[in-house]
Amino acid sequence: MGVSENLKRAIAFPREQVTLSHTPLNGLAILDSEDSANTSAKPTILPPIYPEWLGDRLFAHTHGCRFNYVVGEMARGIATTRMVVEAVKAGCVGFYGSAGLSPDVIEAGIAEIKSHLSTDQTAWGANLIHSPQQPGYEARVVDLFLAKGVRRVSASAFMKLSVDLVRYTAVGLSRAPDGTIHRANHVFAKVSRAEVAEPFMAPAPAKILQDLVANGAITAEQAELAAQVPVAAEITAESDSGGHTDNRPASTLFPSLVLARDRVAARTGVDANAIRIGLAGGISTPMAVAAAFQMGAAYVLTGSVNQSAVESGLSEAGRRLLAKAGPADVTMAPAADMFEQGVEVQVLKRGTLFAMRGKRLHAIYRSGASYENLPQKDRDWIDDVLGEPFDAAWARTHAYIAQANPAEAKRAETDGNKRFALVARRYLFMGAQWAREGTPGREMDYQVWCGPAMGVFNEWVADSFLEPVENRTVRQIAWNLLEGAAHITRAGQLRALGLPVAPTDFNYAPRQFADAQ
C-alpha cells in the first residue's frame, strides 16, 4: 500500500493505531504492517482516536454516559420523553424539554422516562427555564424535581442566580467518607455571557444560603458545603442557537467563559478544574463537533438538529420545514415569555410569516398604543393575524392570566397597552403550539425555534440517508457527528505532524450505523 493510500486509511479509520516512520528528509511517513515489520528505524505509534475519548472523560464518568454529547432540552416538550430515552440508550445525556409545561405534565413525563430506563441509566435530566411572568412556577418545578429524584437540571434564560436553583444544588450536597464534597444534584447552566456565567461558577451567596437555612429549606451542613463549591459544575456556552440566544460566535464566547472561570477560581478559591464548560449553538456538523472539542469543550450540546428528528415533539409539517432550511433562513422574533422586555428568540424564517408578524406586534406595543386607539386598518390586520376579533382573543387571554398572574390581569383591565401586550404574548405562545401540533391553516404562524446550524446540517446530509426526515433519529445524528469528529480530529493530528493531508480528507459523509454500535 502506498503512502497516499496509507494516509487516507489512517484518516478513514481513526479507531486503528497509526505507525509512523521518519524519512531521510526528516519527514514522516505512514507505514503499513509489512513495512513496519521490515523497517530498521524505530517507528512512532499514534494510538487510536475514539469518539468516546473526545471531550472530558470525567464528564462521562460523572453523568454515566458513553459520549460527552448532550441532546439538549427544547422547551414545551419538543425534546420529548422518547427523545430523552433514545439519547440515553445511544450513550448520550438527554434533557427533557419541560420548560413551559405544567407541573402535572412534567411529573407524568418524568415517570414516563423512568419507566423506560433502568436505575443505572442516569444520564438524563429536565429543563428549568427562568419564568418571571409566572411567580412561584420555578419553585414548584424544583419541588417536583427534588421529590421525583431528577438529578440533572439544565437551567436556561437565567440572567442571575435564583433561590430555587441554589436550593436544588445545596440539597444534593454531602460529605463523602474521604472528606470530599459529593454532588448528587447537577445544574447545567446555559449561558451566553461571562457576567451571567460567573455567579454559577462561584459558590452560592451567603445571604441566599442563610435564608434557606432559616426557612428550613436546607440544613446548616448543606449550606456550609454549598459555600465551598460552584453552584453549577457544568456550564454550557450557548452561542448562536435557536430560541433564546445572544447570537454570540462560539469562537469568542467559549474563550470568554474559560477566562471567566479562571477569574472566579482565583477570586473565590474554588477549583477551576471542577468547572466543566461545554459548547452549544452551531453544533450540527462533524467539523463543528471536532472544533468544539479542540477548543477544550468538555462536552457538546445539540439542539436544532434534533428538532428535525423523528423523536421530536414538533409536528411532521414543522419538521419538514426545518429540513428545507438553509443557513440564512433564520431570523429573530419577539419572545413570548419576555415580550415586554424586548427579548428575542431565533426562529425559522423560511415558510412562515411568524417573525414578521411578531415584530410588528412588538412595534405596536412599544409605541404605547392599545388596540382600541389604533387606526382601523391596523385593527383589521391584528384581527386577521389573531384569527379572531381582538375582544375574543382578550377573553381567552384574560381567563388564563387571571389564574397564572392575577396582578397582571388586574392591571390589564385598565391599561390598554398592557392588554395588547398580553394578547400579543398569547399569539406568540400559540405560534409554537401550532407548530408542535401541525395545526392546518396556521402554517404561516408557525414558530419554529431554529439556528443557522440547522441549514448547515441540511447541506451536510444532502443526498445521504439522513436527508429524509423519516430517517433522522437522535441516535444516527449523534453517532455520525461523533464518528465524523473523530475522523476530522485524526486528519488534523496527521496534518499537524507535517503529513500531506488534502483539504478533502477532512470531509466525512453520513453513514448508517447499526443500532448496536
Side-chain angles (χ1 to χ4, degrees), residues 1-23 25-32 36 43-60 66-70 92 237 239-240 249-255 257-258 276-302 305 327 453 456-457 459-461 464 477-511 513:
M1 189 181 292
V3 173
S4 177
E5 290 79 6
N6 282 338
L7 179 60
K8 290 186 179 299
R9 178 177 178 82
I11 295 170
F13 297 94
R15 295 170 183 265
E16 297 181 0
Q17 76 173 23
V18 177
T19 305
L20 300 170
S21 178
H22 289 272
T23 67
L25 296 178
N26 294 322
L28 286 171
I30 297 179
L31 305 177
D32 58 28
S36 179
T44 299
I45 304 297
L46 292 182
I49 294 177
Y50 290 93
E52 292 88 339
W53 294 353
L54 300 175
D56 189 328
R57 293 305 298 159
L58 186 57
F59 175 90
R66 176 182 171 189
F67 304 107
N68 296 305
Y69 180 106
V70 179
C92 308
S239 57
D240 196 9
S251 59
T252 55
L253 175 61
F254 187 83
L257 295 186
V258 169
R276 291 179 286 265
I277 302 176
L279 187 59
I283 307 296
S284 64
T285 62
M287 289 182 178
V289 174
F293 286 132
Q294 188 65 29
M295 278 199 294
Y299 58 94
V300 293
L301 182 149
T302 54
V305 294
V456 182
F457 177 84
E459 291 179 342
W460 173 54
V461 303
S464 78
I477 291 170
W479 285 358
N480 270 280
L481 290 176
L482 288 162
E483 192 71 28
H487 172 110
I488 291 166
T489 301
R490 171 66 90 196
Q493 179 188 49
L494 293 171
R495 186 167 72 173
L497 291 172
L499 283 109
V501 178
T504 53
D505 288 335
F506 287 85
N507 295 345
Y508 177 86
R511 64 184 70 167
F513 293 100

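Keep in mind it's a predicted model, so treat the numbers as computed, not measured. Values reported hereafter were calculated over all heavy atoms of this structure, with side chains retained and with hydrogens, waters and symmetry mates removed.
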Measure the [atom1]-[atom2] distance between [X] and [Y] for me, rounded to the nearest 0.5 Å.
X    : Y    : atom1 : atom2 : value
L481 : T285 : CG    : OG1   : 7.5 Å
D240 : L253 : CG    : CG    : 10.5 Å
Q493 : I49  : CD    : CD1   : 4.0 Å
T252 : L257 : OG1   : CG    : 9.5 Å
E5   : L7   : CD    : CG    : 9.5 Å

Shortest non-hydrogen separation from [X] to [Y] and the atoms involved:
X    : Y    : answer
I45  : P47  : O-CD, 3.8 Å
V300 : A292 : CG1-CB, 3.6 Å
A288 : G282 : CB-O, 3.4 Å
L54  : N68  : O-ND2, 2.8 Å
V305 : S284 : CG1-CB, 3.5 Å
N480 : P510 : OD1-CA, 3.2 Å

Mark yes or no for whether R490, through its side chain, and P14, through its backbone, hold a donor-acceptor pair below 3.5 Å.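 Indeed, once roles are kept as given, a pair shorter than 3.5 Å links the two residues.
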
Side-chain donor or acceptor of W460 paired with backbone N/O of Y508 under 3.5 Å: yes

Answer yes or no: is there a side-chain heavy-atom contact under 4.5 Å between [X] and [Y]?
X    : Y    : result
M287 : N507 : yes
S239 : F254 : no
Q17  : P48  : yes
F293 : I488 : no

According to ring-ring contact (aromatic ring centres under 6.0 Å, His included), who are the partners of Y50, at least two apart in sequence or on a separate chain? W53

Begin with the C-alpha distance, continue with both residues' side-chain angles, and end with the deciding distance and a verdict on side-chain contact (heavy atoms from CB on, under 4.5 Å) for R15 and E483. CA-CA 10 Å; R15 295 170 183 265; E483 192 71 28; 2.8 Å; yes

What pairs of donor and acceptor atoms, side-chain ones from residues 494-506 against any protein atom, are under 3.5 angstrom apart with sequence neighbours left out?
{"from": "D505", "atom 1": "OD1", "to": "K8", "atom 2": "NZ", "distance (Å)": "3.0"}
{"from": "D505", "atom 1": "OD2", "to": "A502", "atom 2": "N", "distance (Å)": "3.0"}

Quick one: which residue pairs count as a side chain to side chain donor-acceptor pair (under 3.5 Å) with a foot in residues 290-302, not counting sequence neighbours?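 Residue pairs passing side chain to side chain donor-acceptor pair (under 3.5 Å), neighbours aside: Y69-T302, T236-Y299, T302-N306.
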
